[in-house]
A.B. asks: 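Please see the structure below; I have some questions.
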There are 2 protein chains.
Amino acid sequence: MSESPEDRIVASVIDAISEQRLPAGTKLGEQDLSEVFACNRANVRRALASLAALHVVELRPNRGAFVSSPTPEEAKDVFEARRAIERTIARKAAGRASAQDITRLRCNIAAEVRAHEDGHQPEELRLSRAFHIDIARIAGNEVLERMLAELTMRTTLIIGLYGTGPGSSCADDDHSPIVDALESGDAEGLVAAMDAHLRHLEAGVSFSEAKPSSSSLRSQLLARKGGTG
Amino acid sequence: MSESPEDRIVASVIDAISEQRLPAGTKLGEQDLSEVFACNRANVRRALASLAALHVVELRPNRGAFVSSPTPEEAKDVFEARRAIERTIARKAAGRASAQDITRLRCNIAAEVRAHEDGHQPEELRLSRAFHIDIARIAGNEVLERMLAELTMRTTLIIGLYGTGPGSSCADDDHSPIVDALESGDAEGLVAAMDAHLRHLEAGVSFSEAKPSSSSLRSQLLARKGGTG
DNA sequence: TTATCCAAAATTGTTAACAATCCTGAACGA
DNA sequence: TCGTTCAGGATTGTTAACAATTTTGGATAA
(Lines give C-alpha, C1' and ligand atoms only; values in the text may rest on other atoms or scores of the structure.)
Protein backbone atom coordinates (compact mmCIF):
# COMPACT_ATOMS: atom_id res chain seq x y z
CA MET A 1 0.00 0.00 0.00
CA SER A 2 1.10 3.53 0.89
CA GLU A 3 0.30 4.96 -2.51
CA SER A 4 0.48 8.70 -2.84
CA PRO A 5 -2.80 10.60 -3.32
CA GLU A 6 -1.49 11.82 -6.62
CA ASP A 7 -0.98 8.31 -7.97
CA ARG A 8 -4.41 7.28 -6.77
CA ILE A 9 -6.04 10.17 -8.60
CA VAL A 10 -4.15 9.48 -11.82
CA ALA A 11 -4.97 5.77 -11.74
CA SER A 12 -8.62 6.31 -10.83
CA VAL A 13 -9.22 8.86 -13.55
CA ILE A 14 -7.58 6.66 -16.16
CA ASP A 15 -9.62 3.69 -14.99
CA ALA A 16 -12.82 5.69 -15.05
CA ILE A 17 -12.14 6.91 -18.58
CA SER A 18 -11.22 3.40 -19.73
CA GLU A 19 -14.59 2.16 -18.57
CA GLN A 20 -16.43 5.09 -20.09
CA ARG A 21 -17.62 6.27 -16.73
CA LEU A 22 -15.97 9.63 -17.42
CA PRO A 23 -16.92 10.88 -20.90
CA ALA A 24 -14.86 13.32 -22.91
CA GLY A 25 -15.34 16.91 -21.87
CA THR A 26 -16.19 16.21 -18.25
CA LYS A 27 -14.89 18.91 -15.99
CA LEU A 28 -12.59 17.76 -13.21
CA GLY A 29 -12.97 20.41 -10.54
CA GLU A 30 -10.21 20.71 -8.00
CA GLN A 31 -12.55 20.94 -5.04
CA ASP A 32 -14.50 17.88 -6.15
CA LEU A 33 -11.40 15.79 -6.65
CA SER A 34 -9.86 16.81 -3.35
CA GLU A 35 -13.06 15.76 -1.56
CA VAL A 36 -13.45 12.47 -3.44
CA PHE A 37 -9.86 11.46 -2.79
CA ALA A 38 -9.57 13.02 0.64
CA CYS A 39 -6.50 15.08 -0.06
CA ASN A 40 -5.60 18.73 -0.47
CA ARG A 41 -5.73 20.77 -3.62
CA ALA A 42 -1.99 20.78 -4.10
CA ASN A 43 -2.06 17.05 -4.66
CA VAL A 44 -4.97 17.41 -7.02
CA ARG A 45 -3.14 19.99 -9.03
CA ARG A 46 -0.07 17.81 -9.37
CA ALA A 47 -2.21 14.88 -10.44
CA LEU A 48 -3.93 17.00 -13.06
CA ALA A 49 -0.56 18.12 -14.39
CA SER A 50 0.46 14.47 -14.75
CA LEU A 51 -2.79 13.60 -16.48
CA ALA A 52 -2.32 16.50 -18.86
CA ALA A 53 1.15 15.24 -19.74
CA LEU A 54 -0.42 11.88 -20.56
CA HIS A 55 -3.03 13.55 -22.81
CA VAL A 56 -5.77 12.33 -20.54
CA VAL A 57 -6.85 15.79 -19.59
CA GLU A 58 -6.79 19.26 -21.09
CA LEU A 59 -5.86 22.18 -18.87
CA ARG A 60 -7.46 25.47 -19.79
CA PRO A 61 -5.89 28.34 -17.85
CA ASN A 62 -8.25 29.86 -15.29
CA ARG A 63 -10.92 27.42 -16.45
CA GLY A 64 -9.90 24.09 -15.03
CA ALA A 65 -9.23 20.55 -16.21
CA PHE A 66 -11.42 18.64 -18.63
CA VAL A 67 -11.31 15.09 -19.89
CA SER A 68 -9.71 15.27 -23.33
CA SER A 69 -11.97 15.47 -26.35
CA PRO A 70 -10.00 14.04 -29.25
CA THR A 71 -10.60 15.74 -32.56
CA PRO A 72 -11.23 13.59 -35.64
CA GLU A 73 -7.68 14.35 -36.75
CA GLU A 74 -6.30 13.23 -33.44
CA ALA A 75 -8.49 10.14 -33.50
CA LYS A 76 -7.10 9.13 -36.86
CA ASP A 77 -3.56 9.60 -35.57
CA VAL A 78 -4.29 7.58 -32.45
CA PHE A 79 -5.63 4.66 -34.46
CA GLU A 80 -2.66 4.74 -36.79
CA ALA A 81 -0.18 4.87 -33.93
CA ARG A 82 -1.99 2.10 -32.17
CA ARG A 83 -1.84 -0.15 -35.21
CA ALA A 84 1.90 0.40 -35.40
CA ILE A 85 2.42 -0.34 -31.72
CA GLU A 86 0.16 -3.37 -31.63
CA ARG A 87 1.79 -4.85 -34.72
CA THR A 88 5.16 -4.65 -33.04
CA ILE A 89 3.80 -6.05 -29.82
CA ALA A 90 2.04 -8.90 -31.61
CA ARG A 91 5.11 -9.91 -33.55
CA LYS A 92 7.12 -9.96 -30.35
CA ALA A 93 4.53 -11.73 -28.24
CA ALA A 94 4.20 -14.59 -30.75
CA GLY A 95 6.19 -17.55 -29.57
CA ARG A 96 6.65 -16.06 -26.15
CA ALA A 97 3.28 -16.81 -24.58
CA SER A 98 3.19 -19.51 -21.92
CA ALA A 99 0.34 -21.98 -21.56
CA GLN A 100 -0.70 -19.98 -18.54
CA ASP A 101 -0.83 -16.81 -20.60
CA ILE A 102 -3.09 -18.49 -23.15
CA THR A 103 -5.40 -19.76 -20.42
CA ARG A 104 -5.62 -16.31 -18.85
CA LEU A 105 -6.40 -14.68 -22.19
CA ARG A 106 -9.12 -17.20 -22.99
CA CYS A 107 -10.56 -16.64 -19.56
CA ASN A 108 -10.55 -12.92 -20.28
CA ILE A 109 -12.41 -13.51 -23.54
CA ALA A 110 -15.01 -15.59 -21.75
CA ALA A 111 -15.57 -12.75 -19.32
CA GLU A 112 -15.87 -10.35 -22.23
CA VAL A 113 -18.53 -12.51 -23.85
CA ARG A 114 -20.39 -12.69 -20.59
CA ALA A 115 -20.26 -8.95 -20.10
CA HIS A 116 -21.42 -8.47 -23.67
CA GLU A 117 -24.38 -10.82 -23.23
CA ASP A 118 -25.31 -9.04 -20.05
CA GLY A 119 -25.21 -5.79 -21.92
CA HIS A 120 -22.63 -4.51 -19.47
CA GLN A 121 -20.63 -2.34 -21.81
CA PRO A 122 -18.28 -0.59 -19.37
CA GLU A 123 -17.10 -3.92 -18.06
CA GLU A 124 -16.73 -5.21 -21.59
CA LEU A 125 -14.60 -2.22 -22.51
CA ARG A 126 -12.46 -2.64 -19.45
CA LEU A 127 -11.87 -6.29 -20.24
CA SER A 128 -11.10 -5.59 -23.86
CA ARG A 129 -8.49 -3.09 -22.84
CA ALA A 130 -7.07 -5.51 -20.31
CA PHE A 131 -6.83 -8.11 -23.07
CA HIS A 132 -4.66 -5.92 -25.25
CA ILE A 133 -2.50 -4.75 -22.39
CA ASP A 134 -2.00 -8.34 -21.27
CA ILE A 135 -0.62 -9.21 -24.69
CA ALA A 136 1.71 -6.25 -24.41
CA ARG A 137 2.90 -7.61 -21.10
CA ILE A 138 3.57 -10.96 -22.72
CA ALA A 139 5.64 -9.18 -25.35
CA GLY A 140 7.85 -8.03 -22.52
CA ASN A 141 8.52 -4.43 -23.49
CA GLU A 142 7.43 -2.03 -20.77
CA VAL A 143 7.88 1.03 -22.95
CA LEU A 144 5.55 -0.33 -25.62
CA GLU A 145 3.17 -1.55 -22.95
CA ARG A 146 2.89 1.89 -21.44
CA MET A 147 2.35 3.49 -24.82
CA LEU A 148 -0.39 1.01 -25.58
CA ALA A 149 -2.03 1.69 -22.25
CA GLU A 150 -2.20 5.35 -23.17
CA LEU A 151 -3.47 4.66 -26.68
CA THR A 152 -6.17 2.23 -25.56
CA MET A 153 -7.42 4.80 -23.12
CA ARG A 154 -7.58 7.40 -25.86
CA THR A 155 -9.31 4.85 -28.07
CA THR A 156 -12.00 4.49 -25.44
CA LEU A 157 -12.53 8.25 -25.47
CA ILE A 158 -12.75 8.22 -29.25
CA ILE A 159 -15.30 5.42 -29.30
CA GLY A 160 -17.30 7.24 -26.69
CA LEU A 161 -17.29 10.37 -28.82
CA TYR A 162 -17.64 9.00 -32.32
CA GLY A 163 -18.69 5.37 -31.92
CA THR A 164 -21.72 4.29 -33.95
CA GLY A 165 -23.88 1.87 -32.03
CA PRO A 166 -22.95 0.03 -28.87
CA GLY A 167 -22.14 -3.30 -30.54
CA SER A 168 -19.23 -2.20 -32.65
CA SER A 169 -16.81 -1.64 -29.82
CA CYS A 170 -15.16 -5.01 -29.45
CA ALA A 171 -18.18 -7.23 -29.57
CA ASP A 172 -17.72 -9.63 -32.43
CA ASP A 173 -15.22 -12.10 -31.19
CA ASP A 174 -12.09 -10.75 -32.83
CA HIS A 175 -10.07 -11.73 -29.83
CA SER A 176 -10.30 -15.49 -30.20
CA PRO A 177 -8.38 -15.68 -33.49
CA ILE A 178 -5.71 -13.53 -31.87
CA VAL A 179 -5.24 -16.00 -29.05
CA ASP A 180 -5.30 -18.88 -31.52
CA ALA A 181 -2.46 -17.37 -33.51
CA LEU A 182 -0.62 -16.52 -30.33
CA GLU A 183 -0.92 -20.11 -29.13
CA SER A 184 0.33 -21.61 -32.36
CA GLY A 185 3.22 -19.16 -32.46
CA ASP A 186 2.17 -17.90 -35.88
CA ALA A 187 3.71 -14.43 -35.78
CA GLU A 188 2.49 -13.17 -39.14
CA GLY A 189 -0.94 -14.66 -38.59
CA LEU A 190 -1.10 -12.92 -35.24
CA VAL A 191 -0.10 -9.60 -36.75
CA ALA A 192 -2.77 -10.01 -39.41
CA ALA A 193 -5.44 -10.93 -36.87
CA MET A 194 -4.53 -7.99 -34.68
CA ASP A 195 -4.51 -5.60 -37.60
CA ALA A 196 -7.87 -6.83 -38.79
CA HIS A 197 -9.28 -6.40 -35.31
CA LEU A 198 -8.04 -2.85 -35.06
CA ARG A 199 -9.35 -1.90 -38.47
CA HIS A 200 -12.66 -3.41 -37.50
CA LEU A 201 -12.62 -1.29 -34.38
CA GLU A 202 -11.78 1.80 -36.40
CA ALA A 203 -14.61 1.07 -38.81
CA GLY A 204 -17.03 1.45 -35.91
CA VAL A 205 -16.49 5.16 -35.58
CA SER A 206 -17.85 7.97 -37.66
CA PHE A 207 -16.67 11.54 -37.47
CA SER A 208 -19.80 13.06 -38.92
CA GLU A 209 -21.44 13.32 -35.53
CA ALA A 210 -20.10 14.32 -32.15
CA LYS A 211 -21.88 13.49 -28.94
CA PRO A 212 -21.94 16.24 -26.36
CA SER A 213 -22.04 14.92 -22.86
CA SER A 214 -22.12 15.85 -19.24
CA SER A 215 -22.00 13.75 -16.14
CA SER A 216 -21.86 14.07 -12.40
CA LEU A 217 -18.22 13.66 -11.66
CA ARG A 218 -18.50 12.35 -8.16
CA SER A 219 -20.51 9.21 -8.75
CA GLN A 220 -18.49 8.24 -11.80
CA LEU A 221 -15.24 8.36 -9.94
CA LEU A 222 -16.49 6.72 -6.79
CA ALA A 223 -17.84 3.69 -8.65
CA ARG A 224 -14.55 1.91 -8.37
CA LYS A 225 -13.60 2.92 -4.86
CA GLY A 226 -15.08 1.80 -1.57
CA GLY A 227 -18.09 4.01 -1.55
CA THR A 228 -19.36 3.23 1.92
CA GLY A 229 -17.37 5.92 3.74
CA MET B 1 4.76 34.78 -25.30
CA SER B 2 2.61 34.30 -22.22
CA GLU B 3 3.82 30.79 -21.56
CA SER B 4 3.18 29.40 -18.13
CA PRO B 5 6.19 28.86 -15.85
CA GLU B 6 5.34 25.20 -15.75
CA ASP B 7 5.59 24.84 -19.53
CA ARG B 8 8.85 26.74 -19.56
CA ILE B 9 10.36 24.42 -16.98
CA VAL B 10 9.21 21.28 -18.79
CA ALA B 11 10.51 22.51 -22.13
CA SER B 12 13.81 23.72 -20.73
CA VAL B 13 14.55 20.51 -18.88
CA ILE B 14 13.72 18.41 -21.92
CA ASP B 15 15.91 20.65 -24.08
CA ALA B 16 18.74 20.45 -21.60
CA ILE B 17 18.56 16.68 -21.48
CA SER B 18 18.35 16.43 -25.26
CA GLU B 19 21.60 18.36 -25.53
CA GLN B 20 23.24 16.32 -22.80
CA ARG B 21 23.64 19.36 -20.60
CA LEU B 22 21.71 17.54 -17.89
CA PRO B 23 23.10 14.04 -17.40
CA ALA B 24 21.11 11.16 -15.96
CA GLY B 25 20.88 11.20 -12.19
CA THR B 26 21.16 14.96 -11.79
CA LYS B 27 19.10 16.18 -8.89
CA LEU B 28 16.52 18.82 -9.72
CA GLY B 29 16.02 20.70 -6.47
CA GLU B 30 12.81 22.64 -6.06
CA GLN B 31 14.50 25.69 -4.66
CA ASP B 32 17.06 25.76 -7.47
CA LEU B 33 14.42 25.44 -10.16
CA SER B 34 12.18 28.08 -8.65
CA GLU B 35 15.11 30.51 -8.60
CA VAL B 36 16.30 29.70 -12.11
CA PHE B 37 12.84 30.09 -13.58
CA ALA B 38 11.70 32.87 -11.29
CA CYS B 39 8.55 31.22 -10.06
CA ASN B 40 7.22 29.68 -6.88
CA ARG B 41 7.66 26.13 -5.72
CA ALA B 42 4.08 25.17 -6.52
CA ASN B 43 4.79 25.68 -10.20
CA VAL B 44 8.01 23.73 -9.92
CA ARG B 45 6.24 20.84 -8.30
CA ARG B 46 3.63 20.71 -11.02
CA ALA B 47 6.30 20.81 -13.68
CA LEU B 48 8.16 17.96 -12.02
CA ALA B 49 4.98 15.91 -11.92
CA SER B 50 4.56 16.45 -15.64
CA LEU B 51 8.16 15.51 -16.31
CA ALA B 52 7.73 12.37 -14.25
CA ALA B 53 4.69 11.40 -16.31
CA LEU B 54 6.85 11.77 -19.41
CA HIS B 55 9.57 9.54 -17.91
CA VAL B 56 11.98 12.42 -17.98
CA VAL B 57 12.38 12.50 -14.25
CA GLU B 58 12.11 10.10 -11.35
CA LEU B 59 10.38 11.29 -8.18
CA ARG B 60 11.63 9.72 -4.98
CA PRO B 61 9.37 10.55 -2.05
CA ASN B 62 10.98 12.89 0.45
CA ARG B 63 14.14 12.86 -1.66
CA GLY B 64 13.32 14.95 -4.66
CA ALA B 65 13.39 14.74 -8.45
CA PHE B 66 16.26 13.26 -10.46
CA VAL B 67 16.86 13.03 -14.17
CA SER B 68 15.90 9.49 -15.15
CA SER B 69 18.63 6.87 -15.33
CA PRO B 70 17.42 4.25 -17.79
CA THR B 71 18.39 0.71 -16.89
CA PRO B 72 19.86 -1.54 -19.60
CA GLU B 73 16.48 -3.32 -19.81
CA GLU B 74 14.69 -0.04 -20.28
CA ALA B 75 17.26 1.08 -22.83
CA LYS B 76 16.66 -2.03 -24.91
CA ASP B 77 12.90 -1.41 -24.77
CA VAL B 78 13.33 2.21 -25.78
CA PHE B 79 15.42 1.30 -28.81
CA GLU B 80 12.94 -1.34 -29.85
CA ALA B 81 9.97 0.99 -29.47
CA ARG B 82 11.80 3.68 -31.34
CA ARG B 83 12.53 1.40 -34.27
CA ALA B 84 8.84 0.54 -34.47
CA ILE B 85 7.76 4.17 -34.35
CA GLU B 86 10.37 5.42 -36.78
CA ARG B 87 9.56 2.67 -39.28
CA THR B 88 5.94 3.74 -39.26
CA ILE B 89 6.87 7.38 -39.54
CA ALA B 90 9.29 6.73 -42.37
CA ARG B 91 6.79 4.73 -44.40
CA LYS B 92 4.28 7.50 -44.00
CA ALA B 93 6.67 10.36 -44.67
CA ALA B 94 7.83 8.83 -47.94
CA GLY B 95 6.06 10.50 -50.82
CA ARG B 96 4.81 13.28 -48.66
CA ALA B 97 7.90 15.45 -48.35
CA SER B 98 7.87 18.72 -50.23
CA ALA B 99 10.91 20.15 -51.94
CA GLN B 100 11.09 22.63 -49.11
CA ASP B 101 11.17 19.79 -46.58
CA ILE B 102 14.06 18.15 -48.41
CA THR B 103 15.98 21.41 -48.49
CA ARG B 104 15.44 21.97 -44.79
CA LEU B 105 16.58 18.46 -43.94
CA ARG B 106 19.74 18.78 -46.04
CA CYS B 107 20.42 22.08 -44.36
CA ASN B 108 20.05 20.37 -41.01
CA ILE B 109 22.51 17.67 -42.08
CA ALA B 110 25.00 20.32 -43.13
CA ALA B 111 24.72 21.91 -39.71
CA GLU B 112 25.20 18.53 -38.10
CA VAL B 113 28.38 17.95 -40.08
CA ARG B 114 29.65 21.37 -39.09
CA ALA B 115 28.91 20.76 -35.43
CA HIS B 116 30.63 17.40 -35.68
CA GLU B 117 33.74 18.91 -37.25
CA ASP B 118 33.83 21.55 -34.57
CA GLY B 119 33.62 18.82 -31.96
CA HIS B 120 30.49 20.46 -30.63
CA GLN B 121 28.67 17.33 -29.52
CA PRO B 122 25.68 18.86 -27.67
CA GLU B 123 24.76 20.88 -30.72
CA GLU B 124 25.23 17.82 -32.90
CA LEU B 125 22.91 15.80 -30.69
CA ARG B 126 20.32 18.55 -30.69
CA LEU B 127 20.40 18.73 -34.48
CA SER B 128 20.20 14.98 -34.88
CA ARG B 129 17.12 14.90 -32.70
CA ALA B 130 15.63 17.79 -34.65
CA PHE B 131 16.26 15.84 -37.85
CA HIS B 132 14.24 12.86 -36.72
CA ILE B 133 11.44 14.95 -35.28
CA ASP B 134 11.27 16.94 -38.50
CA ILE B 135 10.66 13.75 -40.45
CA ALA B 136 7.94 12.86 -37.99
CA ARG B 137 6.36 16.22 -38.66
CA ILE B 138 6.47 15.52 -42.38
CA ALA B 139 4.69 12.23 -41.74
CA GLY B 140 1.86 14.31 -40.32
CA ASN B 141 0.89 12.26 -37.28
CA GLU B 142 1.13 14.33 -34.12
CA VAL B 143 0.67 11.35 -31.85
CA LEU B 144 3.60 9.52 -33.37
CA GLU B 145 5.59 12.74 -33.43
CA ARG B 146 5.11 13.27 -29.72
CA MET B 147 6.04 9.68 -28.96
CA LEU B 148 9.18 10.02 -31.01
CA ALA B 149 10.07 13.24 -29.22
CA GLU B 150 9.92 11.38 -25.93
CA LEU B 151 11.86 8.40 -27.24
CA THR B 152 14.63 10.50 -28.77
CA MET B 153 15.06 12.29 -25.48
CA ARG B 154 15.36 8.99 -23.67
CA THR B 155 17.80 7.83 -26.34
CA THR B 156 19.99 10.80 -25.52
CA LEU B 157 19.99 9.81 -21.86
CA ILE B 158 20.89 6.24 -22.79
CA ILE B 159 23.75 7.33 -25.01
CA GLY B 160 25.01 9.58 -22.27
CA LEU B 161 24.95 6.69 -19.82
CA TYR B 162 26.11 3.80 -21.95
CA GLY B 163 27.57 5.33 -25.11
CA THR B 164 31.04 4.12 -26.09
CA GLY B 165 33.13 6.89 -27.54
CA PRO B 166 31.92 10.30 -28.64
CA GLY B 167 31.90 9.52 -32.37
CA SER B 168 29.29 6.82 -32.40
CA SER B 169 26.35 9.04 -31.60
CA CYS B 170 25.13 10.10 -35.00
CA ALA B 171 28.39 11.00 -36.57
CA ASP B 172 28.79 8.89 -39.67
CA ASP B 173 26.46 10.41 -42.17
CA ASP B 174 23.53 8.04 -41.86
CA HIS B 175 21.14 10.90 -42.39
CA SER B 176 21.96 11.61 -46.03
CA PRO B 177 20.71 8.26 -47.40
CA ILE B 178 17.53 8.84 -45.42
CA VAL B 179 16.89 12.15 -47.14
CA ASP B 180 17.79 10.62 -50.51
CA ALA B 181 15.19 7.91 -50.07
CA LEU B 182 12.70 10.43 -48.80
CA GLU B 183 13.25 12.63 -51.84
CA SER B 184 12.82 9.77 -54.31
CA GLY B 185 9.71 8.60 -52.52
CA ASP B 186 11.19 5.14 -52.03
CA ALA B 187 9.19 4.06 -48.98
CA GLU B 188 10.83 0.69 -48.42
CA GLY B 189 14.28 2.11 -49.07
CA LEU B 190 13.56 4.84 -46.55
CA VAL B 191 12.43 2.33 -43.96
CA ALA B 192 15.56 0.29 -44.53
CA ALA B 193 17.82 3.33 -44.27
CA MET B 194 16.12 4.47 -41.08
CA ASP B 195 16.31 1.03 -39.56
CA ALA B 196 19.98 0.70 -40.43
CA HIS B 197 20.65 4.09 -38.88
CA LEU B 198 18.90 3.17 -35.65
CA ARG B 199 20.67 -0.17 -35.39
CA HIS B 200 23.91 1.64 -35.98
CA LEU B 201 23.03 4.00 -33.18
CA GLU B 202 22.16 1.11 -30.91
CA ALA B 203 25.44 -0.59 -31.68
CA GLY B 204 27.19 2.39 -30.15
CA VAL B 205 26.13 1.61 -26.62
CA SER B 206 27.43 -0.99 -24.24
CA PHE B 207 25.75 -1.95 -21.00
CA SER B 208 28.85 -3.31 -19.36
CA GLU B 209 29.80 0.06 -17.98
CA ALA B 210 27.74 2.80 -16.40
CA LYS B 211 29.02 6.33 -16.09
CA PRO B 212 28.27 8.03 -12.82
CA SER B 213 27.92 11.74 -13.14
CA SER B 214 27.22 14.93 -11.32
CA SER B 215 26.80 18.44 -12.54
CA SER B 216 25.92 21.89 -11.34
CA LEU B 217 22.27 22.21 -12.18
CA ARG B 218 22.10 25.93 -12.50
CA SER B 219 24.59 26.52 -15.27
CA GLN B 220 23.32 23.59 -17.32
CA LEU B 221 19.80 24.92 -17.35
CA LEU B 222 20.68 28.53 -17.89
CA ALA B 223 22.72 27.82 -20.99
CA ARG B 224 19.69 28.09 -23.22
CA LYS B 225 18.00 31.02 -21.58
CA GLY B 226 18.89 34.66 -21.83
CA GLY B 227 21.43 34.91 -19.06
CA THR B 228 21.87 38.66 -19.12
CA GLY B 229 18.81 39.57 -17.11
C1' DT C 1 41.75 5.63 11.72
C1' DT C 2 36.98 4.13 11.59
C1' DA C 3 32.34 3.80 13.06
C1' DT C 4 28.41 5.74 15.54
C1' DC C 5 25.58 9.21 17.18
C1' DC C 6 23.31 13.50 17.28
C1' DA C 7 22.14 18.22 16.53
C1' DA C 8 21.84 21.75 12.86
C1' DA C 9 20.84 22.86 8.26
C1' DA C 10 18.64 22.05 4.12
C1' DT C 11 15.01 20.05 1.52
C1' DT C 12 10.53 18.12 0.66
C1' DG C 13 5.56 17.84 1.95
C1' DT C 14 1.29 20.09 3.71
C1' DT C 15 -1.91 23.52 4.87
C1' DA C 16 -4.48 27.67 4.95
C1' DA C 17 -5.29 32.15 3.63
C1' DC C 18 -5.51 35.47 0.03
C1' DA C 19 -5.76 37.29 -4.91
C1' DA C 20 -7.39 36.93 -9.53
C1' DT C 21 -10.44 35.13 -12.83
C1' DC C 22 -14.53 33.10 -14.48
C1' DC C 23 -19.38 31.77 -14.30
C1' DT C 24 -24.25 32.70 -12.94
C1' DG C 25 -28.33 35.05 -12.86
C1' DA C 26 -31.08 38.81 -12.07
C1' DA C 27 -31.95 43.73 -13.12
C1' DC C 28 -32.22 46.99 -16.64
C1' DG C 29 -33.02 49.26 -21.11
C1' DA C 30 -33.88 49.07 -26.06
C1' DT D 1 -38.63 39.66 -26.25
C1' DC D 2 -33.89 40.10 -26.57
C1' DG D 3 -29.44 41.65 -25.43
C1' DT D 4 -26.41 44.12 -22.08
C1' DT D 5 -24.59 45.11 -17.57
C1' DC D 6 -23.05 44.15 -13.36
C1' DA D 7 -22.85 42.40 -8.64
C1' DG D 8 -22.28 37.84 -6.02
C1' DG D 9 -20.67 33.37 -5.77
C1' DA D 10 -17.72 29.80 -7.16
C1' DT D 11 -13.41 28.30 -9.00
C1' DT D 12 -8.62 28.63 -10.19
C1' DG D 13 -3.96 30.63 -9.21
C1' DT D 14 -0.47 32.35 -5.84
C1' DT D 15 1.92 32.93 -1.71
C1' DA D 16 3.83 32.23 2.73
C1' DA D 17 4.21 29.86 6.80
C1' DC D 18 4.62 25.50 9.10
C1' DA D 19 5.54 20.36 9.65
C1' DA D 20 8.10 16.27 8.48
C1' DT D 21 11.95 14.12 6.56
C1' DT D 22 16.48 13.74 4.90
C1' DT D 23 21.14 15.18 4.61
C1' DT D 24 25.29 17.11 6.54
C1' DG D 25 29.12 17.69 9.49
C1' DG D 26 31.42 17.29 13.51
C1' DA D 27 32.07 15.28 18.17
C1' DT D 28 32.86 11.14 20.53
C1' DA D 29 34.52 6.53 21.54
C1' DA D 30 36.51 2.13 20.24
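This is a predicted model, so every value here is computed, not measured. Residue numbering restarts at 1 for every chain, and letters A, B, ... go by the order of the sequence lines.
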A.B. asks: Check A/Ile158 against A/Ala75 and note the closest heavy-atom contact, atom names and distance.
C.D. replies: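 Closest heavy-atom pair between A/Ile158 and A/Ala75: CD1-CA, 3.5 Å.
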A.B. asks: Mind telling me whether B/His175 and B/His132 have parallel, tilted or perpendicular rings, with 30° and 60° as the class edges?
C.D. replies: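 Taking B/His175 first and then B/His132, their aromatic rings stand perpendicular (interplane angle over 60°).
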A.B. asks: Check the distance between C/dG13's C1' and A/Arg46's CZ and give it to me in whole angstrom.
C.D. replies: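 One finds 8 Å between C1' of C/dG13 and CZ of A/Arg46, rounded.
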A.B. asks: Quick one: B/Arg45 CZ to D/dT15 P, roughly how many Å, whole number?
C.D. replies: 16 Å
A.B. asks: Between A/Lys27 and C/dC23, is there a contact of a side-chain N or O with OP1 or OP2 at under 4.0 Å?
C.D. replies: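 Checking A/Lys27 against C/dC23: no side-chain N or O falls below 4.0 Å of OP1 or OP2.
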A.B. asks: Name the closest nucleotide to the B/Ala42 side chain, picking from D/dT12, C/dT12, D/dT15.
C.D. replies: D/dT15
A.B. asks: Using the side-chain contact (heavy atoms from CB on, under 4.5 Å) definition, which of the options B/Val13, B/Leu59, B/Ile9, B/Asn43 pairs with B/Leu48?
C.D. replies: B/Leu59
A.B. asks: Please determine whether a side-chain nitrogen or oxygen atom of A/Arg41 lies at a distance below 4.0 Å from atom OP1 or OP2 of C/dT15.
C.D. replies: no
A.B. asks: A/Arg60 has an atom CZ; how far is it from atom P of D/dT12, in whole Å?
C.D. replies: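 That distance rounds to 12 Å.
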A.B. asks: Calculate the interatomic distance between B/Gln31 atom CD and C/dG13 atom P; express it in whole Å.
C.D. replies: 14 Å
A.B. asks: Side chain of B/Arg63, heavy atoms from C-beta onward: which of D/dT23, D/dT12, C/dC23 has the nearest atom to it?
C.D. replies: D/dT23
A.B. asks: Looking at every heavy atom in both A/Phe66 and A/Gly25, which two are closest together, and how far apart are they?
C.D. replies: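 Shortest heavy-atom contact: CD2-O, 3.5 Å.
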A.B. asks: Could you check how far CD of A/Glu30 sits from P of D/dA10, rounded to whole Å?
C.D. replies: 16 Å
A.B. asks: For A/Pro61 and for A/Asn43, locate the closest nucleotide of DNA chain C by heavy-atom distance; then report the residue assigned to the nucleotide nearer the 5' terminus.
C.D. replies: A/Asn43
A.B. asks: Could you state the CG-C1' distance from B/Leu59 to C/dT12, rounded to the nearest angstrom?
C.D. replies: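 Those two atoms, CG and C1', are 11 Å apart.
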A.B. asks: Quick one: A/Glu35 CD to D/dT11 P, roughly how many Å, whole number?
C.D. replies: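 From A/Glu35 CD to D/dT11 P: 9 Å.
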A.B. asks: Map B/Gly64 and A/Asn40 onto DNA chain C by nearest heavy atom, then report which one ends up closer to the 5' terminus.
C.D. replies: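 Closer to the 5' end of DNA chain C: B/Gly64.
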